Amino acid sequence: MVSLPIVQYEEKIIETVERNPVVVVIGETGSGKSTQLSQMLHRRGYGKIAITQPRRVAAVSVARRVAHELGVQLGEEVGYAIRFEDRTSHSTRIKYLTDGVLLRESLANPELNEYSVIILDEAHERSLNTDILMGLMRRLVNIRSSDLKVLITSATLDGEKVSKFFADCPVLNVPGKLYPVEVLYSRERPSSYLESSLKTALDIHIREPEGDILIFMTGQDDIEKLVSKLEDKVRALEEGSCMDAIILPLHGSLPPELQVRVFSPPPPNCRRIIVATNIAETSLTVDGVVYVIDSGYVKQRQYNPSSGMYSLDVVQISKVQANQRAGRAGRTRPGKCYRLYPSRIYNDEFLDVTVPEIQRSSLAGSVLYLKSLDLPDIDILKFDFLDPPSSESLQDALKQLFLIDAIDENGAITSIGQKMAELPLEPSLAKTLMEANNYGCLYEALTVAAMLSAETTLLPGQRKTEKKRKHTISNLPDGSGLGDHIQLLQIYECWDQTDFDIGWCKDNGLQVRGMLFVRDVRKQLSQIMQKISKGPLDVRANGKREEFRQDYRNLRKALCMGYANQLAERKMHHNGYRTLGFQAQVVQVHPSSVLSLDDLGKFPDYVVYHELIATPRPYMRNVCAVEMRWVIPIINKLKSLDVYKLSGGVHHVEEEPEKKLPDFPKKDVEVASTADDRESRIQAARERFLARKGKK
DNA sequence: GAGCACTGC
C-alpha cells in the first residue's frame, strides 16, 4: 500500500483541500485515488465522506478494500450504498456509493448536510448522473461554503475544463502506476478493421514474446467473426512454430459464466487473445494483457430529440478512450498498443473527451428530477452544467413532461410530477403507475414497469442458435395479442405462480439474474408507491381479477396516459404507423413484437410504444394496443401546447446555438442548428458505412 | 420480418 504514488502527495493534497472548497485531482490508473483520498481526509479529521462511483461493483469492491486497509468491519466505519443494498451504519464515516444513489439522497436532502466531503470519482467518464452532480456541487459549495469540501477526479485532457467550471479551482496531478506503453500507429486507416485486427494479432502472436493480446471491437457480431477467423488461422499454424493460443470473446451479453473465463490464467506456454467490446475498457480488467489492438471505434447509443428516436451508431472513440485502451497494456509490465489508424486521425479527428451522456440521452427524467429539487437559485433551463445539452433536447423534455402532467403550461412542476420524481423510473412509466393506482391496476402496472426496467437482461445472448425463441416457445404467454407490455406482465405472473422457481426461468430461456432483478425492482417500486400515495393503494392482487384478464383494459388505459408522448396511429391502408409527437415519424412495429393482427390482417389503429429505435430502419419496440377514445384528449392537449411558455418565456434556441457541441474540433461549428444536425447525421452515416465495410 | 455498446436509480 505504501508504494501507491498518491501517498507521496498527501501533504500537498491536504493543504490544497484546506484552502479551497473545490479541488480537481488528476489521478491516472493505478494512482490509488479511489482508495486513498478518502482515507487521507478521514485521518485529518474531516467528517463524513461520500465517494461516488459510476458502477455498483466498483463501489462495493473499493469499500471492501478500504475497510480491509483500515482493519475495520465493512458496514461500520467504512461502508457502501448501492441500489437494493445499504451497508452503512450510524458509525460510517467513509461511504462509497453509486452516483445515482447520491442523487436520490439529495432528493430527500438537497444540501446533503450529512457529508463534510463529497468526492466525485471517475468524473471523466461523464456519466449522466455525474454531470448532474457536478452541476449541483457548483451550487452547493456556494451555499455551504464554510463546511463542505468537494473533490473531483478526472483525466488529464479534461482537468482544466472542470477547473474552469468550478471558478478556476486548483488542479492536482498525481501520476499513475502504469508501465510504459509503446503506441504504434497504422500508416493509414484500413479498409477493414476486422481483417486488420486479424493480421495484427497473428503478427504479434508469431513475432512477439509472451503476453496476452486484447482486441477492442465494436460489437458481438464482429467479435464472433473475428474469434472464428482467429481460431482457423491459429489452428493452421505449423505445430511447434510458436506457442499455443486460446481465443476468448468478451462482451456484455455473454452469460456471466463465460465472462469469468477471462479471469483464469492461461496454461503454461499459451497466449490468450481476448476479443472484447469496450466492456474491457473500464468495467472489467483483464490481467496479463501486454498487447492492445485498438480499432478506434465504439458503438454508441444516441438520442435524437427532434424525432424522439434512439439509434445505435458506430462512432470514433475519443482521445481519453484511446488512452484508456492503451493503458490496458501496461498494467503488469511494459506493453504495446497497436492503433489501427494514423496519428493524424488521433490528433485531428478524435474528440478530447467522449461526448457526455447528457448530450446523448432523452432528458425528461433529468429535467423532472431537477425541477423537483426546487432550487430557486439555479436556472434549470440554462442547464448551467459542464457541457449543456442542446435547447432542442431540453424543449423535447419539457414537452414530454407537460403531456403527462408532470409540469403545468408554465413549466412549473405539478404535485403529481413531484411524486413521479420519487420513482426510479423514466417519467412515462412513473406516470403509468400513478394512473394505474387510480384505475385499480397498480398491482399489474408495477410488474410491467419492473419488467421493462430489466428488459435487455431478460433474454440470454446466444442469439445465433435461439434466434426465433420468442415466437417458437409455446409455454410462454403471448400477451393475448394486445402487445409486449401485456406479455411481460404475463411472463412475470407465470414465474410468480411457480413461487419464483429458478429452474422455471432456465427452462423458458429467461436470464435468472434478470428475473431476480425484476423482483427487486418491483418490490422497491411498490414500497415507494406506498410512501408517496396518500390515498388508497392497490398493491395487492385481489378478487375481480378474472374479468380484468380479458382485455387488460384499465392497464392499457394507464399505459396510454403514461406514454402520452409515445403514441402512434396506424396509416390508412397498411400496417405502418405515424407517431403523434411533434414531428410525425413513419415507423413500423418491431418484428419481435407479439402484437397480433386482426381478421383483416391489420394491426390496431392506435398503439403506445416504449421506444423508437433506428436500426437503421425506424421501429417501435415494445408496443401496446390502446383505444381511440383514450387518445383523443391527448391529441387535444398536444394542440394546446406552447413551448415558449413551457420554457418560462425564454427563447433558448436563439440564445446560444454555438454551445450545442462544444467539444467538436470542427472549425465550422457556427452553423444553424438544423445544418449542424445534418452534418452530424452525414458524419454518422459515413462511419456506419466504414464500419460495414470493415465487416466484409 | 429482424437485431442488441455500456451503465444505473
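Residue numbers start from 1 in every chain, and the chains themselves are labelled A, B, ... in the order their sequence lines are given, proteins ahead of strands. In this text, all values refer to a predicted model and were calculated from it rather than measured experimentally.
Nucleic acid contact for A:Arg83: base, since at least one base atom lies under 4.0 Å from a heavy atom of the residue. Across all strands, A:Val298 comes closer than 4.0 Å to no nucleic acid atom at all (heavy-atom distances).
When the P atom of B:dG3 is taken as reference, atom CD of A:Gln588 falls 13 Å away, rounded to whole Å. Rounded to an integer number of Å, the gap from CG of A:Leu97 to P of B:dG8 is 14 Å. The NZ atom of A:Lys531 sits 13 Å away from the C1' atom of B:dC9 (whole-angstrom rounding). In this structure, CD of A:Glu122 is placed 19 Å from P of B:dC6, rounded to the nearest angstrom. Here B:dG8 presents its P atom at 13 Å from CD of A:Glu85, a figure rounded to the nearest Å. In this entry the distance linking NZ of A:Lys225 with P of B:dC4 reads 13 Å, nearest Å. With rounding to whole Å, A:Leu284 atom CG is found 11 Å from B:dC6 atom C1'. Taking atom NZ of A:Lys299 as the reference point, atom P of B:dC6 lies 9 Å away to the nearest angstrom.
Side-chain nitrogen and oxygen atoms of A:Thr98 include at least one within less than 4.0 Å of the OP1 or OP2 phosphate oxygen of B:dC9.
Nearest to the side-chain atoms of A:Ile279 among the listed nucleotides B:dT7, B:dC9, B:dA2 stands B:dT7. Out of B:dC6, B:dC9, B:dG1, the shortest distance to the side chain of A:Ser283 is found at B:dC6. Distance from the side chain of A:Gln220 is smallest for B:dA5 among the nucleotides B:dA5, B:dC9, B:dC6. When distances run from any side-chain atom of A:Arg617 to the nucleotides B:dA2, B:dC4, B:dG8, the shortest one goes to B:dA2. Taking the side chain of A:Thr277 as heavy atoms from C-beta on, and the options B:dA5, B:dA2, B:dC9, the nearest nucleotide is B:dA5. Out of B:dG8, B:dC6, B:dA2, the shortest distance to the side chain of A:His251 is found at B:dC6. Of all nucleotides listed (B:dA5, B:dG8, B:dA2), B:dG8 comes nearest to the side chain of A:Arg56.
Evaluation of the salt bridge (charged side-chain N to carboxylate O under 4.0 Å, His left out) test over residues 587-601 of chain A, restricted to residues two or more places apart or in two chains, returns none.
Annotation: cation-pi geometry not satisfied between A:Arg621 and A:Tyr609 (NZ/CZ under 6.0 angstrom from ring centroid, within 45° of ring axis).
A donor-acceptor pair is defined here as one N or O able to donate and one able to accept, closer than 3.5 Å; no such pair exists between the side chain of A:Asn508 and the backbone of A:Leu510.
In terms of position along DNA chain B, the nucleotide closest to A:Gly219 lies nearer the 5' end than the nucleotide closest to the other residue of the pair A:Gly219 and A:Leu423. Remark on DNA chain B: of its neighbouring residues A:Ala81 and A:Tyr619, the 5'-side contact belongs to A:Tyr619, judged by nearest-heavy-atom nucleotide.
The neighbour count for A:Lys602 NZ, taken as heavy atoms of other residues, nucleotides or ligands under 6.0 Å away, is above 12.
For A:Phe603, the ring-ring contact (aromatic ring centres under 6.0 Å, His included) test picks out no residue, with sequence neighbours left out.
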